[in-house]
Q: 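Below are the structure tokens for one structure; questions will follow.
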Amino acid sequence: MACSGNPLEQCGAGGRLNLYWSGIPPPPPPSTAPKIGNWSSLGCYKDNVAGLGRSLTVGMAVTNNSNEVCTAACFEAGYPLSGTEFTDECYCGNTIANGGVPAAASDCNMLCAGNTEEFCGGPNRLNVYNYTGTDLPLQNPGNGNSGSVFPVTSGLSGNFSYAGCYVDNAFGRILVFSQGGNPNNTIQSCVTTCASQNYIIAGTEFADECCTSLP
């Protein structure tokens, strides 16, 4: 078909494109690095199998998540296993627990929040790395919250009260509106935020996430 601006040129047709290339090669597709320093990839693993719990049981609050960021966080905490999930989640552990088993590599297909050139797991899927070095620091099991109060019953807006612990992302997010990455997240602040926007449910997850739904 003739171009609309120059009838002497051809500008494709129905369902057809005349393409021109600059000569610059496209960037490589996203991938999973086989090694990150002394960390070796174990591949893609299933998480939360049959609702049994996390395959890597220690969640880490990180920003701009990537496999490099997560392995570094797990190393500092003294854990030999690291796993990224659902773009921005990072988990650590000593063993793969709760029935976690290998999954198809194609299941780990979500890009890392902090590096779109690599994959960071998927829904209930972990990109797992194992530390093979000999200089792993000692684990520090204490995180300063041994005196925490649970469930929180005071300082909640309106008639909000604790309703229990629920499995998230079994078939998609339970609460569709989420505010993540808040280093000052608390039960009270999350409930207040949700109540101020006329939501009737508030949920906290992964230390720094506040989720809500059902206005």
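Everything numeric here is computed off the predicted structure, so don't read it as measured data.
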Q: Within the 4.5 Å heavy-atom criterion, are Phe86 and Pro123 side-chain neighbours or not?
A: yes

Q: Could you tell me whether a side-chain N or O of Ser22 sits under 3.5 Å from a main-chain N or O of Ile24, the two making a donor and an acceptor?
A: yes

Q: Closest heavy-atom contact between Asn18 and Gln10?
A: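 Closest approach of Asn18 to Gln10, heavy atoms only: ND2-O, 2.9 Å.
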
Q: Does the pair Leu111 and Glu118 meet the rule for a side-chain contact (heavy atoms from CB on, under 4.5 Å), with working shown?
A: CA-CA 6 Å; Leu111 302 180; Glu118 60 185 40; over 6 Å; no

Q: What I want to check is whether the side chains of Gln139 and Asn94 have a donor and an acceptor closer together than 3.5 Å.
A: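 Short answer, yes.
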
Q: Looking at Asp135, I'd like to know if its CG atom is crowded, meaning that more than 12 non-hydrogen atoms belonging to other residues, nucleotides or ligands lie closer than 6.0 Å.
A: yes

Q: Checking Asn185 side chain against Cys210 main chain: does a donor-acceptor pair fall under 3.5 Å?
A: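 Such a contact is absent between Asn185 side chain and Cys210 backbone.
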
Q: Can you tell me how far the CD atom of Gln188 sits from the OG1 atom of Thr204, to the nearest 0.5 Å?
A: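 These two atoms lie 10.0 Å from each other.
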
Q: Hydrophobic cluster membership, with links at side-chain heavy-atom distances under 4.5 Å among I/L/V/M/F/W/Y: are Leu42 and Ile36 in one?
A: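 Shared cluster, no.
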
Q: Would you indicate whether Cys11 and Cys3 have their SG atoms under 2.5 Å apart?
A: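 Yes.
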
Q: Go through it in stages, so that I can follow the logic: the residues are Ser41 and Thr32, the test is side-chain hydrogen bond (donor to acceptor under 3.5 Å, both in side chains), and I'd like the CA-CA distance, side-chain angles, deciding distance and then a yes or no.
A: CA-CA 8 Å; Ser41 173; Thr32 300; over 6 Å; no

Q: Rounded to the nearest 0.5 Å, what separation is found between the OH atom of Tyr45 and the CZ atom of Arg125?
A: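 Here the rounded value is 13.0 Å.
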
Q: Is there side-chain contact between Leu81 and Tyr131, with heavy atoms separated by less than 4.5 Å?
A: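 Answer no - side chains too far apart.
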
Q: I want to check something: taking the side chain as every heavy atom from C-beta on, are Ile174 and Tyr166 in contact at a cut-off of under 4.5 Å?
A: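 Yes, their side chains come closer than 4.5 Å.
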
Q: Determine whether more than 12 heavy atoms belonging to other residues, nucleotides or ligands lie under 6.0 Å from atom CD of Glu117.
A: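 No, not enclosed.
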
Q: Please report the shortest heavy-atom distance between Gly83 and Leu56, naming the atom on each side.
A: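 Minimum heavy-atom separation between Gly83 and Leu56: N-CD1, 3.5 Å.
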
Q: Counting the benzene-type ring for Trp, do Phe206 and Tyr91 have ring centres under 6.0 Å apart?
A: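 Yes: the rings meet the under 6.0 Å criterion.
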
Q: Kindly indicate whether the side chain of Cys90, heavy atoms from C-beta on, has any atom under 4.5 Å from the side chain of Val69.
A: no

Q: Would you kindly say whether Thr84 and Asn67 are connected by a side-chain donor-acceptor distance under 3.5 Å?
A: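 Yes, a side-chain donor-acceptor pair sits under 3.5 Å.
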
Q: Which distance, rounded to the nearest 0.5 Å, do you find between the OG of Ser66 and the CG of Asp88?
A: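 Ser66 atom OG to Asp88 atom CG measures 12.0 Å (nearest 0.5 Å).
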
Q: So Cys112 and Glu68, do their side chains get closer than 4.5 Å, heavy atoms only?
A: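 No. Closest side-chain heavy atoms not under 4.5 Å.
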
Q: Looking only at non-hydrogen atoms, find the nearest pair between Glu205 and Cys211 and report the distance.
A: OE1-SG, 4.5 Å

Q: Indicate, with yes or no, whether the SG-to-SG separation of Cys70 and Cys120 is under 2.5 Å.
A: no

Q: For residues Cys108 and Leu126, determine if any side-chain heavy atom of one lies less than 4.5 Å from a side-chain heavy atom of the other.
A: no

Q: Could you give the distance from OG1 (Thr71) to NZ (Lys35), rounded to the nearest 0.5 Å?
A: 11.5 Å

Q: So which heavy atom on Cys74 is nearest to which on Trp39, and how close?
A: CB-CH2, 4.0 Å

Q: OG/Ser82 to CZ/Phe75 distance, rounded to the nearest 0.5 angstrom?
A: 12.5 Å

Q: Which heavy atom in Ala202 sits nearest to a heavy atom in Leu175, and how many Å separate them?
A: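 Heavy atoms only, the tightest pair is C-CD1, 4.3 Å.
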
Q: Any non-hydrogen side-chain atom of Asn48 less than 4.5 Å from a side-chain atom of Ser55?
A: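 Of all side-chain heavy-atom pairs linking Ser55 with Asn48, none is under 4.5 Å.
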
Q: Regarding Arg54 and Asp47, does a basic nitrogen lie under 4.0 Å from an acidic carboxylate oxygen?
A: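 Counted as a salt bridge, because a side-chain N and a carboxylate O are separated by less than 4.0 Å.
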
Q: Regarding Thr186 and Ser189, is there a side-chain donor-to-acceptor distance under 3.5 Å anywhere?
A: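 Thr186 vs Ser189: donor-acceptor pair found between side chains.
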
Q: First locate atom CG of Asn98, then atom OG1 of Thr57, and finally report the distance between them rounded to the nearest 0.5 Å.
A: 7.5 Å

Q: What is the minimum heavy-atom distance between Ala105 and Cys44, and which atoms define it?
A: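 Closest heavy-atom pair between Ala105 and Cys44: CA-CB, 4.1 Å.
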
Q: Counting C-beta onward and ignoring hydrogens, is there a side-chain heavy-atom pair between Asn65 and Thr87 closer than 4.5 Å?
A: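 Heavy-atom side-chain distance check fails, nothing below 4.5 Å.
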
Q: Test Asn124 against Glu85 for side-chain contact (heavy atoms from CB on, under 4.5 Å), laying out the working first.
A: CA-CA 7 Å; Asn124 283 326; Glu85 180 171 340; 3.7 Å; yes

